[in-house]
Student: 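So that we are looking at the same thing, I have put the structure below in structure tokens.
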Amino acid sequence: MDLLLRGITHRYGATEVLSGIDLAVSEGEIVCIIGPSGCGKSTLLRFIGGLERPDEGEVLLSGPVPSGSLNPLTYVFQDFALLPWRSVEANVSLVLEDHPLSAAEREEIVADVLERTGLSDFRKALPRQLSGGMKQRVAIARALSVRPAVMLMDEPLSALDSQTRELLMDDLVALWQRERFTACYVTHNLAEAVRLGHRIVVLSRRPGRIRTIVEIDRDLGAREAGDPKLDAVQRELWQLLRDEARAADREIADDVA
Amino acid sequence: MDLLLRGITHRYGATEVLSGIDLAVSEGEIVCIIGPSGCGKSTLLRFIGGLERPDEGEVLLSGPVPSGSLNPLTYVFQDFALLPWRSVEANVSLVLEDHPLSAAEREEIVADVLERTGLSDFRKALPRQLSGGMKQRVAIARALSVRPAVMLMDEPLSALDSQTRELLMDDLVALWQRERFTACYVTHNLAEAVRLGHRIVVLSRRPGRIRTIVEIDRDLGAREAGDPKLDAVQRELWQLLRDEARAADREIADDVA
Amino acid sequence: MTSLDQMSGGRATGESEASSETLRPVPYRGGGFRPVPIRLIGPLVFLAIIALWEAGSRSGVISNLVLPAPSEAFEAFSYLVESGQLWRHLSASLQRLVIGWTLGTALGIAVGLGIGLFSLARAGLLPLVSALFPIPKIALLPLFVIWFGIGEGSKVATILFGSFFPTVIATYGGVDNVDRTLVRMGQSFGLSWWSIVRKIILPGAMPAILSGCRISASIGIILLVAAEMIGAEYGVGAYILMAGSLFATDQLLAGVAILSVLGLIVSWLIGRLERWLLAWRG
Amino acid sequence: MTSLDQMSGGRATGESEASSETLRPVPYRGGGFRPVPIRLIGPLVFLAIIALWEAGSRSGVISNLVLPAPSEAFEAFSYLVESGQLWRHLSASLQRLVIGWTLGTALGIAVGLGIGLFSLARAGLLPLVSALFPIPKIALLPLFVIWFGIGEGSKVATILFGSFFPTVIATYGGVDNVDRTLVRMGQSFGLSWWSIVRKIILPGAMPAILSGCRISASIGIILLVAAEMIGAEYGVGAYILMAGSLFATDQLLAGVAILSVLGLIVSWLIGRLERWLLAWRG
Amino acid sequence: ATAFAADKITVGALRFTSHAPSFIAFERGYFADEGLEVSFEFFQAAQPMAVAIASGDVDFGITAISGGLINLAEKGAIKVVGGALQEEPGVDGQMILVSKAAFDAGLTSPAGLKGKSFGITQTGSSFHYIAHKIADKEGFDRSEITLRPLQKVGAIIGALKTAQIDAWAIVPHIAKPLAAGPEIESIGMVADYIPDYQVTTVFTSTANTKDKPDLVKRFLAAFSKGAADFNAALIDKTTTDEDAEALVQLLHKYVYNDQPYEKAAPSIRNGAMRVNEGAKLNMTSIADQLDWFKSEKLVPETVTMELLVDPSFVETN
Ligand SMILES: Nc1ncnc2c1ncn2[C@@H]1O[C@H](COP(=O)(O)OP(=O)(O)OP(=O)(O)O)[C@@H](O)[C@H]1O
Ligand SMILES: Nc1ncnc2c1ncn2[C@@H]1O[C@H](COP(=O)(O)OP(=O)(O)OP(=O)(O)O)[C@@H](O)[C@H]1O
Ligand SMILES: [Mg+2]
Ligand SMILES: [Mg+2]
């Protein structure tokens with residue numbers, strides 16, 4: 001299933017947030033979206049997932065929904081969005097409960113995804129007992145349980161400390177190598193983008209426009225820290241973003257009463 | 001002024017957190033302390049700043065306190081620790097108000113540090129109006145205003161997004177080049193450690209012990225992204241930490257009622 | 001060892017369904033769960049209720065015994081205004097309210113700070129406060145009369161006691177909730193104990209203290225009626241009690257409406273105070 | 001442009017002070033601002049107060065008119081127990097409390113959810129609730145008698161009204177405070193509206209609802225006295241009122257102590273409920 | 001008449017000697033004789049009794065004419081149908097009391113009440129009426145007597161004992177023991193200021209007077225028999241001592257039942273005031289009271305004697 005964005009433009013009140021975004025995401029591809037703070041990355045992702053509607057433009061799907069997919073467009077959130085009052089397995093089972101599945105089927109799916117994400121030992125744990133990394137793994141297990149066609153990931157690693165981030169990046173790469181999932185991956189982190197993205201979409205400051213799209217044709221599995229080519233891409237991206245990042249950083253929030 | 005840690009050992013209840021830490025920090029040196037989550041880095045820093053007392057061992061100072069230093073051991077916190085009800089200048093002035101300074105002197109110091117940190121335009125802003133990067137700059141300005149002999153920095157950049165982190169790392173390097181301040185810099189982030197540390201102290205999992213100390217003799221100003229030597233150090237550190245980081249990540253918190 | 005790379009079969013093998021190859025928009029599934037203000041509905045509902053009520057009273061559906069017509073209550077109110085009694089009742093009540101509430105709140109903040117800051121005060125006073133808080137002040141009226149007389153003393157005392165306890169609870173809760181890293185920051189910069197209390201703890205607890213004030217003010221207003229049970233010639237509570245004993249339901253409703261408006265005004269005032277003192281919250 | 005690299009002169013040029021070259025420990029400046037529980041102090045304070053009071057009463061420093069001795073109040077209580085009246089009063093009050101509070105809380109949660117979820121309900125009902133909340137129930141007693149009779153009706157209604165409003169406010173506040181990303185998560189997984197309300201909104205608002213229950217329960221207990229002003233032969237409130245009208249201060253204190261203990265028990269029960277329902281908070 | 005289908009009625013009562021006729025009629029079967037199955041509903045104060053009759057919870061009540069009662073009558077809810085307690089020369093009636101402190105300071109006769117404070121339960125209560133009638137008779141302005149509403153008789157007693165109020169007036173069974181104590185003095189009789197004062201009346205719901213006049217008549221008949229027994233035993237003292245004793249014992253079931261008999265009996269005897277024969281109603285006194293309420297704007301001008309009283313059941317004058 002492919003995704004197609006056409007002329008997405010959006011305003012919140014008087015401030016234009018996104019302006020004329022055209023983008024195609026094809027099956028099996030990870031598209032990273034980077035840009036300075038407040039340029040509308042999260043907003044764009046909400047449009048793609050149908051959680052909000054743009055003022056102008058449209059988000060289109062083409063191709064058949066993979067059979068068995070319970071929720072073709074599935075999010076992974078920055079802050080995990082786990083229900084703190086449900087155990088790990090109940091958090092996963094939550095998103096299956098509204099689908100016509102028997103208790104046994106549900107049970108089986110939950111066991112399967114927890115097994116596959118290495119969380120079987122943590123079935124009964126509550127979110128507060130888990131480290132950030134494990135929480136995000138639970139969120140990924142939950143996303144996998146509905147067999148998504150496209151994963152929409154909004155800075156999934158930025159709430160984690162950098163060592164955990166490294167671990168999870170490895171996991172995501174390994175996951176992609178097996179599953180070849182499609183993903184829109186929003187991040188601030190250029191190292192993540194060059195590590196995980198087949199294409200990297202660079203947005204400008206608000207109103208977000210596409211400044212450039214960088215393609216990295218090195219296989220995900222073959223990307224290593226210290227690879228000069230990737231380092232070069234990363235430096236280049238940083239050159240592009242640096243001034244805008246500084247400007248975004250020095251922005252003073254309007255006094256909302 | 002030098003710092004000397006001798007045989008620091010500490011327990012919280014039944015869990016031993018730190019065990020036999022010996023360390024010397026000499027003037028003008030940045031010592032980075034890295035280690036997996038929960039290994040006692042922040043606890044160690046609290047001992048150094050005199051906010052807590054270790055069960056065993058002692059933290060000693062040698063050499064004269066630099067004249068004019070109002071607060072020789074000064075913290076920069078991960079979450080900025082700005083008073084949300086005070087403007088930028090009032091947050092800085094807070095730490096001067098208990099010292100015998102005239103209003104004019106205080107005013108002058110505040111203006112001076114804000115000028116030096118590029119915050120003059122933000123004097124009247126409230127913390128909530130500032131981006132994370134600017135908030136941490138205010139915290140640094142506040143720390144500078146008391147003319148510290150040693151800066152104690154507990155993950156000062158880890159609450160920031162990665163682009164802002166890059167910007168602030170550049171700023172810190174530039175600052176050190178001018179001021180040659182002494183610092184204990186706790187971090188999770190190996191890239192930060194190899195960028196900012198003259199020496200890197202690697203702690204083991206809880207109970208934290210010093211596993212190794214890596215010295216990097218390249219000048220701070222000359223360190224650049226993509227430097228193969230630094231990359232090698234970083235990879236080596238990651239090899240050291242990886243398994244422990246994974247183990248720390250998979251730790252389940254005790255059910256505290 | 002186990003990690004994401006052990007995953008397999010995450011996506012079902014793609015047997016394409018009946019769906020077309022054509023483009024289709026993503027389904028919208030957001031929105032909701034965020035009530036938006038609708039203007040005019042509030043006043044309209046009020047007006048509608050009053051109009052219906054008036055119509056019911058006039059037509060006799062609502063017996064005069066059960067509920068007087070709003071117009072009658074309004075007439076009673078007009079009479080109060082015209083005869084100048086309103087101001088007399090209001091000023092008597094306001095004076096009691098202001099004195100009792102101010103004293104109760106000030107004492108409450110002081111004791112609450114003590115409980116919030118000192119282990120000994122917490123261990124000694126908190127159980128006492130918890131035990132005394134749920135005592136209905138109205139039950140103590142006979143004792144208050146002995147202790148404070150039937151003059152202003154017992155009335156002010158009733159309101160004072162009523163506003164003291166919620167303020168204590170709110171204040172110490174607020175102190176407990178002040179971000180401890182801010183306190184550690186203060187210590188790490190060598191601020192004195194008193195500076196930390198004044199500049200960090202107190203402003204940090206201010207939101208909780210103010211919401212305690214909101215509660216204690218409405219308790220104070222509610223207690224006006226109980227306070228003015230004894231020996232009060234004037235006062236809104238005394239007026240209501242008189243209306244109740246005469247079964248003058250129109251006056252009763254007028255008096256109750258006055259209290260309700262008084263409550264709204266006080267709550268609005270505290271809202272202003274909050275906006276001013278807590279402007280930093282944005 | 002401006003950035004940290006413009007700094008200079010951050011440290012004063014190092015004229016070494018009189019201080020020695022020897023090692024010295026870092027000064028300790030932490031600790032405090034975290035009251036720790038001290039065991040036994042609470043009960044000790046209670047005992048001390050009661051002992052002093054008893055001594056004062058016996059020695060005549062505290063006149064019997066001003067305050068009866070604790071032993072007298074305890075005697076009155078013993079008499080209540082022995083004569084079997086305690087249970088009669090308590091059961092009458094408890095019945096009213098349980099029925100009134102349960103109904104009030106249930107209605108309050110329902111209306112609070114409505115206000116929290118629907119724009120129309122919020123716009124229409126919230127101003128109404130805000131206007132009716134501060135009305136002292138005691139003022140409405142005469143009307144309650146007409147509306148609900150002098151039997152259990154008016155007593156239950158008083159408690160019902162008293163617990164309804166705080167529950168509404170707490171519930172809608174709780175709904176407002178449920179993390180919106182959790183709701184968006186639910187929507188993004190295609191959960192139905194009803195599932196989101198049941199599985200996300202309601203548990204998320206539960207802490208606030210429970211603390212609303214705590215408040216409404218203590219209000220219910222406080223209102224017992226007011227509720228039993230009307231035609232109640234039995235009930236703790238009626239007992240207190242009778243004692244008050246006879247100036248039997250020993251019985252009055254015994255009754256007040258019963259209410260206070262009742263309040264502590266109810267608050268403890270709600271604490272248990274919280275620990276059970278909110279175990280996930282740890 | 002044995003009751004096949006006795007009419008069930010509820011009678012509101014206070015645990016006061018003034019309600020004795022109802023208790024006697026119940027205990028001695030006079031109600032049953034009239035085919036009435038009576039149950040009592042006890043109140044702490046008179047005012048809620050009127051409201052309870054209006055709300056239909058109670059059928060008959062006996063209390064003083066209060067503002068609340070008149071206002072309920074004005075709303076068409078209740079009607080006075082008979083008289084009960086009346087001040088009568090020669091029988092101990094309500095007494096005017098002052099605190100010892102006020103007495104020592106020279107308040108030794110009701111004429112001195114000008115500028116003094118007077119305890120009342122609530123605005124529009126009989127105490128309020130009495131205070132103003134004293135002012136009228138003594139010739140000073142009503143507003144020169146400061147009224148202190150204290151809600152409850154107990155609170156007034158406390159305030160008087162501690163000299164927080166100067167004066168009060170109350171029925172003899174409460175007044176006598178108080179005046180005997182050290183803190184309070186008696187300075188006069190209410191009867192001197194309000195001749196033939198109809199202190200309490202029998203009242204019922206308007207619906208009863210219209211739809212069940214027969215029921216009202218039967219109630220009043222039984223009540224009158226009780227009143228006759230009461231007057232004979234405790235006022236006129238025409239019965240044997242044993243009979244009087246038996247009556248007091250009967251009343252002790254209802255009045256002062258939380259005290260031992262020895263203590264209660266004198267109080268019961270002290271409290272005896274005449275209850276009108278045949279529940280006769282003194283219309284003059286009632287008209288005077290109504291006029292006073294109107295003049296104080298405590299009740300609307302529109303209330304008439306017809307609205308307040310249904311004189312068709314008993315003898316009036
Ligand atoms: N619901 C909303 N109403 C009004 N303004 C909004 C809303 N959501 C976002 N915005 C504004 O739109 C702009 C873009 O927000 P968005 O969250 O999409 O940015 P972002 O690129 O994800 O930023 P970040 O990198 O900080 O996550 C911001 O200025 C934000 O304040
Ligand atoms: N005041 C305290 N009381 C009890 N235990 C504590 C306290 N402070 C810290 N700990 C425990 O001591 C251990 C070390 O904590 P510390 O915060 O020093 O670790 P850290 O290395 O800074 O971790 P992180 O990388 O997550 O910041 C942790 O297990 C923590 O739970
Ligand atoms: Mg975002
Ligand atoms: Mg730490």
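This one's a predicted model, so the numbers in the text were calculated from it and none came from an experiment. Convention: sequence-line order gives letters A, B, ...; per-chain numbering from 1.
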Student: B:R46 versus chain C, heavy atoms under 4.5 Å apart: side chain, backbone, both or neither?
Tutor: neither
Student: Report the option among C:G186, C:S195, C:G190 that has the most heavy-atom pairs separated by less than 4.5 Å from atoms of chain B.
Tutor: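 Highest number of heavy-atom pairs under 4.5 Å: C:S195.
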Student: Can you give me the closest heavy-atom contact between B:N71 and C:S188, atom names plus distance?
Tutor: ND2-O, 2.9 Å
Student: Could you check whether any side-chain heavy atom of B:Y75 comes within less than 4.5 Å of a side-chain heavy atom of C:M185, counting everything from C-beta outward?
Tutor: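 No, too far: nothing below the 4.5 Å cut-off.
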Student: Could you state the interatomic distance from CG (C:L277) to CH2 (B:W85), rounded to the nearest 0.5 Å?
Tutor: 12.5 Å
Student: Does atom CH2 (B:W238) have a neighbourhood of more than 12 heavy atoms from anything else shown, all under 6.0 Å?
Tutor: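 Atom CH2 in B:W238 is crowded, with more than 12 foreign heavy atoms closer than 6.0 Å.
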Student: Do you know which of B:D79, B:L152, B:L70 has the most heavy-atom pairs with chain C at a distance under 4.5 angstrom?
Tutor: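 Looking at each of B:D79, B:L152, B:L70 in turn, B:D79 comes out on top.
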Student: Side chain from CB out, backbone as N, CA, C, O: work out which of these in C:I200 comes under 4.5 Å of a heavy atom of chain B, or both, or neither.
Tutor: both
Student: Flag yes if more than 12 heavy atoms outside C:R275 fall under 6.0 Å of its CZ atom; otherwise flag no.
Tutor: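 12 or below, so no.
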Student: Any side-chain to backbone donor/acceptor pair from C:R184 onto B:L51? Under 3.5 Å, distance only.
Tutor: no
Student: Counting only heavy atoms not in B:E105, do more than 12 fall under 6.0 Å of its CD?
Tutor: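 Above 12, so yes.
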Student: Any side-chain heavy atom of B:R142 within less than 4.5 Å of one from C:F189?
Tutor: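 Yes, side chains in contact.
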Student: What pairs with C:I215 under side chain to side chain contact (heavy atoms under 4.5 Å, CB included), at least two apart in sequence or on another chain?
Tutor: C:P166, C:I219
Student: Give me the contact list for residues 92-104 of chain B versus chain C, heavy atoms only, anything under 4.5 Å, ordered by residue number.
Tutor: B:L94, B:V95, B:E97, B:D98, B:H99
Student: Taking atom CG of C:L120 as the centre, does the number of heavy atoms from other residues, nucleotides or ligands within less than 6.0 Å exceed 12?
Tutor: no
